[in-house]
2 protein chains.
Amino acid sequence: MDKAGVRAITIDDIAKKANVSKATVSKVINSYSGINEKTRQAVLKVMREHNYWPNTTARSLSMQRSYLVGLFMASELLDSFFREVIPGIEATLGSQGYDILYFADKRPGNTGVTFGYLEKCRDRRVDGAILLSYIRGDIPEFESLLASDIPAVFIDMTLEGPYTSYVISDNHKSARLAVECLHSLGHREVGYADGTSRSVPAERRFQGFMETVNRLGMHCRPEWIFQDSFDEEYGYHVIENLESMEQQPTAMVAQDNVAVGMIRALWERGKSVPGDLSIVGFDDLEISRHYNLTTVKQQKYEMGVAASELLLNIINHKSNKPIVMDTDLIIRGSCMSIK
Amino acid sequence: MDKAGVRAITIDDIAKKANVSKATVSKVINSYSGINEKTRQAVLKVMREHNYWPNTTARSLSMQRSYLVGLFMASELLDSFFREVIPGIEATLGSQGYDILYFADKRPGNTGVTFGYLEKCRDRRVDGAILLSYIRGDIPEFESLLASDIPAVFIDMTLEGPYTSYVISDNHKSARLAVECLHSLGHREVGYADGTSRSVPAERRFQGFMETVNRLGMHCRPEWIFQDSFDEEYGYHVIENLESMEQQPTAMVAQDNVAVGMIRALWERGKSVPGDLSIVGFDDLEISRHYNLTTVKQQKYEMGVAASELLLNIINHKSNKPIVMDTDLIIRGSCMSIK
DNA sequence: TAAATAAACGAAACCGGTTTCAAAATAGAT
DNA sequence: ATCTATTTTGAAACCGGTTTCGTTTATTTA
């Protein structure tokens, strides 16, 4: 568009007004040394007077740096987990002058082709990427990603490469804490509900769950194990199934969304938590507080921060060591001693 | 970074390999006419062989177009409403080759200054912007925005200018439908709970509510009107307050989040919906289905689509006529006839 | 077959910055 | 006052595309 005929003002304009070369203006903009203080002030004054701000596109082209970070999320977009991680990413990258490119699915009009991860990154020349909650095997490009030179940090997926690293919670510990909590309340018969074990956190939690259950001499029948989905609906499904069984657990360990669904399903049946069933959750989502759910917290905001810092480190050729976040038990009211 | 020494391949490389000029390659890329079919095929072949994709940054600089759209959201980021609108934006803009820039709060390292709306847009040379659910008076830059030449579309805020337009639901109708529904079930004493009336939708809904209540000869005591917040917590607050009143409504009209909070609060008190209170919601959020809430639906995904199309129209100098989306009643189980 | 017309192509300028490096200006030393 | 060392400065190349417009090549027409 012709922008109402008003051409944005450029570095050349500033140079002319200030009677210096554009090279000098550029150096002032970037706070380089070797510029006379008087000159610097004069240039700054002109810049201010004309409300000048450098064209990021031109700067990107020239510097081969976009100050853009791509944010890719597994399809169940904007779920409750992301919702708490993203602000940490935003705050950290934002304070370093980065903007976040939230990738849409298609590319330049033309053919409507769906482009993959790498193409998107290269195309926009992002300086790096953060990938949230992808599930192993869901993206065929992971290998080329590892071989590529685009800095990337995964959250909740353990993938490493020269320019690739990850942030993940200590999910094994989470499960241990959950089971130990129930054990200490006297529970011995305990079930489990979480998302697909192709998800790394769910896989690790399940390992931790089984190990701890065995170590403490507790029992978990195979039919008490549900591993399909992360949503509330699934919680209803879990309760329906449990209901129809002869033997039932006295307690369940379940991811928060699922746990909330379970609680609601029980309520609708006139039962209560923890009266009829004790539940310990995973994640400590925002909603869990409202349901008074005892749960093992993931430090979600902090994960966003950590992932961003890790990414910046990789971009700047510093450490790319993976980060494991601590977890801890948040005691609320969804568990009680066995009668 | 040195990108592992691998320089990305450029249009010049392609031109050389294909024995043509970069101008010709450019024309092939952009599907211009006036290129011999044989030449075109040859160039395309080389492009494919080298897995070439044009540098968007360079293209943006040259074309004075970024194919970037800024997405700004009022701070209660990623709430349940946005969550359903955004996919519509994404799909529509994505299919047109646009990417979405999700704006973070700070700009180029330097001073850590917080930049405003306009600066962000200009700085990144976005082709346009979509602003979600901002509240009148919350952003001081609205006026300069109206005067500016950056195409912008508001969702849920009625602001118009030469390059500015908006998309909003027919909120007045929503309220009318809600009240009429309750009236037809015999309710005459009805309360109201919604967010601040500084929000345009909440304002319009309230007008519609009062008008319809009066028109149909129903009653709404002043103390039955709650207009502070859009969240579940507020629903608890509403129920607590109602509880303590001598006169109580037989039904409430309430925004979905608030309604859900009310339902939960009632459950916790051993009461039921609609047994003890009928409720009609606004919005039809995802969660409302799980609560079996009768509600007036906003076409959220479609609003995202409409806003995107409107924005593209403005960018391409076509119509900038505001769009009002229809709403309709979704009958579920949260209302019953008065006994 | 020559001239007129149409189609295809490419040289060069441009978008708005950064960076290199030689030249100019200034300061310091003798 | 002259010469050297140090700061400052700016011309020009570069980043990787797009676009204009004149030139070359191919096709028609006479």
Side-chain angles (χ1 to χ4, degrees), chain A residues 1-3 6-43 47 50 52-68 97 107-110 122-125 127, chain B residues 1-3 6-43 46-47 50 52-68 97 108-110 122-125 127:
Chain A
M1 62 182 310
D2 65 18
K3 298 294 181 185
V6 183
R7 196 179 52 81
I9 129 163
T10 73
I11 197 174
D12 288 290
D13 300 326
I14 299 298
K16 196 162 294 170
K17 308 266 188 194
N19 274 316
V20 295
S21 71
K22 57 193 288 198
T24 299
V25 177
S26 175
K27 287 169 189 166
V28 170
I29 292 172
N30 294 286
S31 311
Y32 284 4
S33 62
I35 293 289
N36 187 299
E37 185 58 23
K38 250 182 238 161
T39 313
R40 149 196 279 326
Q41 289 304 334
V43 171
M47 283 173 55
H50 293 77
Y52 167 76
W53 202 258
N55 180 324
T56 311
T57 305
R59 161 185 287 208
S60 293
L61 178 59
S62 160
M63 302 217 302
Q64 300 284 71
R65 259 211 182 203
S66 61
Y67 277 93
L68 232 37
R107 245 329 94 88
N110 310 350
R122 283 206 203 287
D123 183 19
R124 284 289 182 187
R125 262 59 178 181
D127 292 344
Chain B
M1 61 182 310
D2 64 17
K3 297 295 180 186
V6 183
R7 196 179 52 81
I9 130 162
T10 73
I11 197 175
D12 288 290
D13 301 327
I14 299 298
K16 197 162 296 171
K17 308 265 186 194
N19 275 316
V20 296
S21 72
K22 58 193 286 199
T24 299
V25 176
S26 175
K27 288 169 189 167
V28 169
I29 292 172
N30 293 288
S31 311
Y32 283 5
S33 62
I35 294 289
N36 186 299
E37 185 56 24
K38 250 182 237 161
T39 314
R40 150 198 278 326
Q41 289 305 334
V43 171
V46 176
M47 284 173 55
H50 292 77
Y52 166 77
W53 203 257
N55 181 323
T56 311
T57 306
R59 159 185 290 207
S60 293
L61 178 59
S62 159
M63 302 216 301
Q64 300 285 71
R65 260 210 182 202
S66 61
Y67 278 92
L68 233 36
N110 309 352
R122 283 205 202 286
D123 183 18
R124 284 290 182 187
R125 261 60 177 180
D127 292 343

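All heavy atoms count here, side chains included; hydrogens, waters and symmetry mates do not. Quick note on labels: first sequence line is chain A, next is B, and so on, each numbered from 1.
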DNA chain C: 5'-proximal contact among A:Asn55 and B:Val20 (nearest heavy atom): B:Val20
Ignoring hydrogens and angles, write down the donor-acceptor pairs under 3.5 Å from the side chains of residues 15-27 of chain A, residues two or more places apart or on other chains.
{"unit_1": "A:Ser21", "atom_1": "OG", "unit_2": "A:Ala23", "atom_2": "N", "d": "3.4"}
{"unit_1": "A:Ser21", "atom_1": "OG", "unit_2": "A:Thr24", "atom_2": "N", "d": "3.3"}
{"unit_1": "A:Ser21", "atom_1": "OG", "unit_2": "A:Thr24", "atom_2": "OG1", "d": "3.3"}

Sugar-phosphate means primed atoms, P, OP1 and OP2; the rest is base. With that split, encode nucleotides 19-28 of chain D 5' to 3' as B, S or - using protein heavy atoms under 4.0 Å. B---------
Looking only at non-hydrogen atoms, find the nearest pair between A:Arg40 and A:Ser31 and report the distance. NH2-CA, 4.1 Å
Whole-Å gap separating C1' (C:dG17) and CD1 (A:Ile14): 13 Å
For the side chain of B:Ser21, starting at C-beta, report the closest nucleotide among C:dT18, D:dG16, C:dG10. C:dG10
Using a heavy-atom cut-off of 4.0 Å across all strands, would you classify B:Val25 as base, sugar-phosphate, or nothing? nothing
Taking all non-hydrogen atoms of both residues into account, name the closest pair between A:Ala8 and A:Asp13 and its distance. O-OD2, 4.3 Å
Rounding to a whole Å, what distance do you find between A:Gln41:CD and D:dT8:P? 14 Å
Side-chain atoms of A:Asn36 come closest, of C:dG17, D:dG17, D:dT8, to D:dT8
Atom-to-atom span, CZ of B:Arg125 to C1' of C:dG17 - whole angstrom: 10 Å
Does OP1 or OP2 of D:dT9 have a side-chain N or O of A:Thr39 closer than 4.0 Å? yes
For the side chain of A:Ile35, starting at C-beta, report the closest nucleotide among D:dG17, D:dT9, C:dG17. D:dT9
Between C:dC15 (C1') and A:Leu61 (CG): distance, integer Å: 9 Å
Minimal heavy-atom distance between B:Ser66 and A:Arg124, with the atoms involved, is O-NH1, 2.9 Å
Contact summary for B:Thr10 and B:Tyr52, nearest pair of heavy atoms: C-CE1, 3.6 Å
What's the CD1-P distance between A:Ile29 and C:dG17, to the nearest Å? 7 Å
Is any side-chain heavy atom of A:Ile11 closer than 4.5 Å to one of A:Ile29? yes
State whether A:Gln64 places a side-chain N or O below 4.0 Å from either non-bridging phosphate oxygen (OP1 or OP2) of C:dT18. no
Tell me the interatomic distance from B:Lys38, atom NZ, to C:dC9, atom P, rounded to whole angstroms. 10 Å
Rounded distance in Å - CD1 (B:Ile11) to P (C:dC15): 18 Å
Hey, does the side chain of A:Asn55 reach the backbone of A:Thr57 with a donor-acceptor pair shorter than 3.5 angstrom? yes
Rounded to the nearest angstrom, tell me the gap between atom CD in B:Glu37 and atom C1' in C:dC9. 16 Å
